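All remarks here apply to the structure that follows.
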Amino acid sequence: MSVPLMTANDASTPAELRSVKALAFDIIGTCTDWHSVVSACLRTHAPGSSIPSTSSPSASDTASTVDTWASDFAHNWRSSFFNFLFDLSERQQMMSGADVYRITLKQTMEKFQVGEDEWSEEVINDLVKSWETASAWNDTAPGLRLLRKKFILLGLTNGVTIVTINTNRRTGMEFDAILNSDIIGAYKPNPKIYQTALKALAAGDGEVAMVAAHAYDLEAAKKWYVIITAHMCSHLSDG
């Protein structure tokens, strides 16, 4: 996460950012690398019958095939997760994070032709839990520490609060406050998410910038409220 430190007094600071007092950060994918840990867990539990066979019998080719399968599965699972949350958001319904991951895992298993008899309940639980072990990008923690010297930092994400707290403590990420969907009672891109952030920060027009690697998140913030959007391209921009 390479973000130059800018303040209202810096000549290089864009005019629209000079009134910003707080930065609202998405976390999963923006500040953390979910893909590495999830795909690693998938590789560990890769079902042989569901992975395309390779014409080469070499161990390196087999490993490469498994890596590709695990990466594709992880991205599809993430996509299913987003679609499921969007549906919940439209219906104004809430569900536990673990249940959403479990349901969308089953959907992805069907798409990748992984039979339910190939993964035990223990494996399913292990895969769902893998999302809770995401690591921060190498420059996330030091970048946040620099930004926190000048701005209020708010974690604003579709997540489970205790998981976010544990992630922050484990990775060294420092936020002044965290507002997760389970506390607000809504999922992004529901306007309630962004409205609650503005209220919590007692922020006026142009005083909060949304920082996310997801276009839908930025568009929702920009569309509904006077939140200045800053598109930060992470190593994994999804959604």
Side-chain angles (χ1 to χ4, degrees), residues 1 26-85 88 95-141 155 157-173 180-182 187 213-214 233-239:
M1 183 186 68
D26 173 67
I27 295 179
I28 303 172
T30 301
C31 296
T32 63
D33 173 13
W34 60 267
H35 182 265
S36 292
V37 293
V38 174
S39 58
C41 192
L42 285 162
R43 285 196 299 272
T44 299
H45 300 297
S49 62
S50 303
I51 298 175
S53 59
T54 175
S55 57
S56 172
S58 71
S60 61
D61 286 340
T62 300
S64 177
T65 300
V66 173
D67 287 347
T68 299
W69 176 89
S71 179
D72 289 347
F73 191 109
H75 280 294
N76 274 269
W77 188 2
R78 177 73 162 158
S79 179
S80 294
F81 176 85
F82 272 126
N83 291 335
F84 196 87
L85 283 193
L88 287 176
M95 186 177 291
S96 75
D99 284 345
V100 175
Y101 279 120
R102 182 176 293 271
I103 290 170
T104 53
L105 172 58
K106 295 293 182 67
Q107 293 174 346
T108 312
M109 287 170 61
E110 183 175 350
K111 180 177 180 179
F112 279 70
Q113 298 182 327
V114 178
E116 293 194 11
D117 59 329
E118 296 186 80
W119 278 342
S120 66
E121 190 64 20
E122 182 179 0
V123 169
I124 295 291
N125 290 336
D126 194 29
L127 290 167
V128 170
K129 280 282 188 181
S130 69
W131 290 91
E132 299 181 10
T133 62
S135 59
W137 300 111
N138 291 336
D139 49 0
T140 296
T157 188
N158 284 335
V160 178
T161 299
I162 187 58
V163 174
T164 302
I165 290 172
N166 289 339
T167 298
N168 292 349
R169 291 171 65 89
R170 174 168 44 80
T171 62
M173 293 190 296
N180 278 9
S181 54
D182 62 340
Y187 296 111
H214 317 301
C233 295
S234 79
H235 308 258
L236 276 177
S237 180
D238 51 1

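One-based numbering along the sequence shown. This is a predicted model, so every value here is computed, not measured.
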Find out whether [X] and [Y] are in side-chain contact, i.e. whether some heavy atom of one side chain is under 4.5 Å from a heavy atom of the other.
X    : Y    : value
T157 : T164 : yes
H75  : S79  : no
V163 : W131 : no
N125 : E122 : no
K106 : I124 : yes

Nearest-0.5 Å distance, [atom1] of residue [X] to [atom2] of residue [Y]:
X    : Y    : atom1 : atom2 : result
N83  : L88  : CG    : CG    : 11.0 Å
Y101 : R78  : OH    : CZ    : 6.0 Å
S39  : W34  : OG    : CH2   : 8.0 Å
H45  : D126 : NE2   : CG    : 3.5 Å
T171 : N138 : OG1   : CG    : 11.5 Å
T167 : I28  : OG1   : CD1   : 8.0 Å

Practice task
May I ask you to check whether T108 and N76 show a side-chain donor-acceptor distance below 3.5 Å?
Solution key: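 Looking only at side-chain atoms, N76 and T108 do not form any donor-acceptor pair under 3.5 Å.
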Problem - Pair H35 and W77, ring centroids less than 6.0 Å apart - result: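 No; W77 has its ring centre 6.0 Å or more from that of H35.
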Practice task
Taking the six-membered ring for Trp and the full ring for Phe, Tyr or His, determine whether the centres of W119 and F73 are under 6.0 Å apart.
Solution key: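 Yes - the distance between ring centres of W119 and F73 falls below the 6.0 Å cut-off.
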Handout entry: side-chain contact (heavy atoms from CB on, under 4.5 Å) partner of F81, the single match among I103, V100, L105
Key =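 Only match with F81 under side-chain contact (heavy atoms from CB on, under 4.5 Å): V100.
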Please name the pair of heavy atoms, one in [X] and one in [Y], separated by the smallest distance, quoted to 0.1 Å.
X    : Y    : result
I27  : M173 : CG2-CE, 4.2 Å
M109 : E116 : CE-CA, 4.1 Å
M95  : Y187 : O-OH, 2.7 Å
G29  : W137 : O-NE1, 3.5 Å
D33  : V37  : O-CG2, 4.1 Å
C31  : T140 : O-OG1, 2.9 Å

Practice task
Mark yes or no for whether T133, through its side chain, and S130, through its backbone, hold a donor-acceptor pair below 3.5 Å.
Solution key: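 Side chain of T133 to backbone of S130: a pair is present.
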